[in-house]
Amino acid sequence: MSLKRVFVTYRLPEDILRPLRGICDLEVWTGTKPMTPPELFSSICDSDGIICLLTDEITRSLLENQEKLNFISSMSVGVDHIDVAAATNRNILVGNTPGVLAETTADLAFGLLLSAARRIPEADKFVREGQWLSDMPWSPDFFLGKDVHGATLGVVGLGETGTAVARRGKAFGMRVLGWNRTQKKDVEHAELVQLDELLAESDYVSIHIARTSETLLFFNHERIMSMKKGAILINTARGGIVDETSLANALKIGHLAGAGMDVFEAEPLLPESKLLNLKNVVFSPHIGSATSLTRKRMAELAVENAVAVITGRRMPFCVNPEVYRSR
Ligand code: DGY
């Protein structure tokens with residue numbers, strides 16, 4: 001019997017891929033840039049499974065033409081780059097990597113929060129650029145920021161990462177409010193409130209909801225303007241959840257004091273983005289889970305999902321387990 005063919009869209013380290021060697025016919029993309037849609041299409045046409053990244057857009061039209069594909073294992077917890085409904089219709093299993101990146105992403109969310117509150121990137125630039133001059137070494141109104149301790153943190157989305165951010169808020173002596181789209185029974189580290197109350201009372205709002213058709217532009221003009229005046233908005237969840245034009249306006253008119261943004265409507269952030277001209281925005285380039293250990297764990301889980309399917313076991317981290325019912 002011929003081996004199943006598995007295609008990997010990124011050069012993952014050989015020690016990570018080792019469990020796949022010998023149990024499948026493995027092909028790894030060697031390009032140095034993300035695959036283009038035609039490249040992705042032609043590379044997976046013949047595959048039984050693919051291991052992909054969140055930059056690989058697995059659209060409905062791409063899946064419609066796949067006869068053979070049995071699974072998609074993404075090295076990410078978010079699967080909004082995959083048309084999961086289309087995959088489910090075609091009985092294609094979709095795997096992700098939950099449980100290993102929440103704490104790392106929460107660290108970054110908190111880093112952005114502290115950076116925006118205390119204007120750390122601005123201050124760093126000031127020192128580096130030689131603007132810290134001896135005729136004004138210190139003054140009472142020099143680089144004034146906002147206190148974090150004693151302030152109110154609103155966590156929007158109380159999944160793994162939101163809960164980890166709420167715990168950090170508590171440790172910093174904050175009052176922590178939380179809201180979740182679906183009802184939650186066991187909420188830790190946050191006081192559950194309605195969304196409008198959270199937005200009106202929080203000095204810092206950190207977003208931790210998934211991007212779905214229902215959460216696109218969830219932070220629209222109205223919701224941004226219903227945030228407390230002088231608040232800071234942090235997004236480490238997904239681009240497209242925040243309406244960046246409305247956010248830029250709210251920052252420009254001083255309704256919001258700052259923002260910490262790791263994810264954007266378009267990635268990389270377009271040079272014409274209105275956010276780029278605002279010095280009260282702290283940026284990072286979608287690096288929420290970017291530590292060596294966490295990325296290793298994510299890659300291991302993506303491979304584990306693939307190995308399970310190839311060896312006839314159940315995919316351990318499957319986002320559409322209903323596929324198993326129709327097999
Ligand atoms: C994910 O896994 O969805 C994250 O965005 C990666 O940082």
Side-chain angles (χ1 to χ4, degrees), residues 8-13 16 33-35 40 50-59 71-85 87 93-113 115 155-165 168 180-181 206-219 233-242 244 259-269 282-306 315-320:
V8 186
T9 69
Y10 186 77
R11 288 161 292 118
L12 293 176
I16 299 281
K33 291 185 183 151
M35 300 182 79
L40 189 59
I50 65 165
I51 297 179
C52 67
L53 305 182
L54 54 78
T55 43
D56 299 313
E57 288 288 329
I58 316 273
T59 57
F71 71 86
I72 302 166
S73 172
S74 183
M75 187 188 145
S76 62
V77 69
V79 288
D80 48 296
H81 55 297
I82 301 171
D83 192 325
V84 178
L93 295 163
V94 179
N96 70 341
T97 63
V100 294
L101 52 88
E103 296 293 337
T104 302
T105 306
D107 283 344
L108 186 83
F110 230 82
L112 289 173
L113 186 154
S115 300
V155 180
V156 175
L158 292 165
E160 282 183 284
T161 311
T163 303
V165 167
R168 281 160 180 71
N180 202 55
R181 278 168 48 75
S206 192
I207 304 174
H208 301 287
I209 50 180
R211 182 174 68 186
T212 64
S213 51
E214 280 128 52
T215 61
L216 273 184
L217 303 184
F218 189 80
F219 274 81
L233 183 65
I234 309 296
N235 188 10
T236 54
R238 268 297 181 274
I241 294 173
V242 175
E244 288 169 17
M261 301 286 284
D262 182 53
V263 286
F264 303 90
E265 283 173 12
E267 292 179 8
L269 185 61
V282 180
F283 296 100
S284 54
H286 201 148
I287 56 167
S289 62
T291 65
S292 312
L293 191 58
T294 293
R295 287 287 162 84
K296 180 168 181 282
R297 287 189 177 140
M298 290 165 71
E300 284 168 350
L301 287 196
V303 167
E304 199 179 321
N305 273 339
M315 193 182 242
F317 308 101
C318 182
V319 299
N320 58 350

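As a basis for the values below, the full set of heavy atoms in this structure was taken, side chains included, without hydrogen atoms, waters or symmetry mates. Both counts, for ligands and for their atoms, begin at 1 and track the order of listing.
- Residue-to-ligand polar distances place His286 within reach of ligand 1: an N/O pair is separated by less than 3.5 Å.
- From the protein, the heavy atom lying nearest to atom 6 (C) of ligand 1 is Ser289 OG, 3.3 Å.
- Asn96 contributes atom CG, which lies 8.5 Å from atom OG of Ser73 (distance to the nearest 0.5 angstrom).
- Taken from CG in Leu269 to CE in Met261, the straight-line distance is 8.5 Å, to the nearest 0.5 Å.
- Counting protein heavy atoms only, atom 2 (O) of ligand 1 is closest to Val77 N, 2.7 Å.
- Once rounded to the nearest 0.5 Å, the distance linking CG of Leu112 with CG of Asp107 reads 11.0 Å.
- Between Ile16 atom CD1 and Met298 atom CE the span is 11.5 Å, to the nearest 0.5 Å.
- Judged as a side chain to side chain donor-acceptor pair (under 3.5 Å), and not counting sequence neighbours, the contacts of Arg211 are Asp80.
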Evaluate the side chain to side chain contact (heavy atoms under 4.5 Å, CB included) criterion for residues Ile50 and Ile58: first the C-alpha distance (whole Å), next the side-chain angles of each, then the deciding distance (0.1 Å), finally the verdict. CA-CA 11 Å; Ile50 65 165; Ile58 316 273; 3.6 Å; yes
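- Ligand-side atoms of ligand 1 in range of Met298: 2 (O), range being under 4.0 angstrom from any heavy atom.
- Heavy-atom contacts of Gly78 reach the following atoms of ligand 1: 1 (C), 2 (O), 3 (O) (cutoff under 4.0 Å).
- The atoms of ligand 1 that sit less than 4.0 Å from any heavy atom of Leu101 are 2 (O).
- For Asn96, no heavy-atom contact with ligand 1 is shorter than 4.0 Å.
- The line from CG of Leu12 to CZ of Arg295 is 11.5 Å long, rounded to the nearest 0.5 Å.
- With a 4.0 Å heavy-atom cut-off, ligand 1 is reached by the side chain of Arg238 but not by its N, CA, C or O.
- With a 4.0 Å cut-off on non-hydrogen atoms, Leu54 touches ligand 1 through its side chain and not its backbone.
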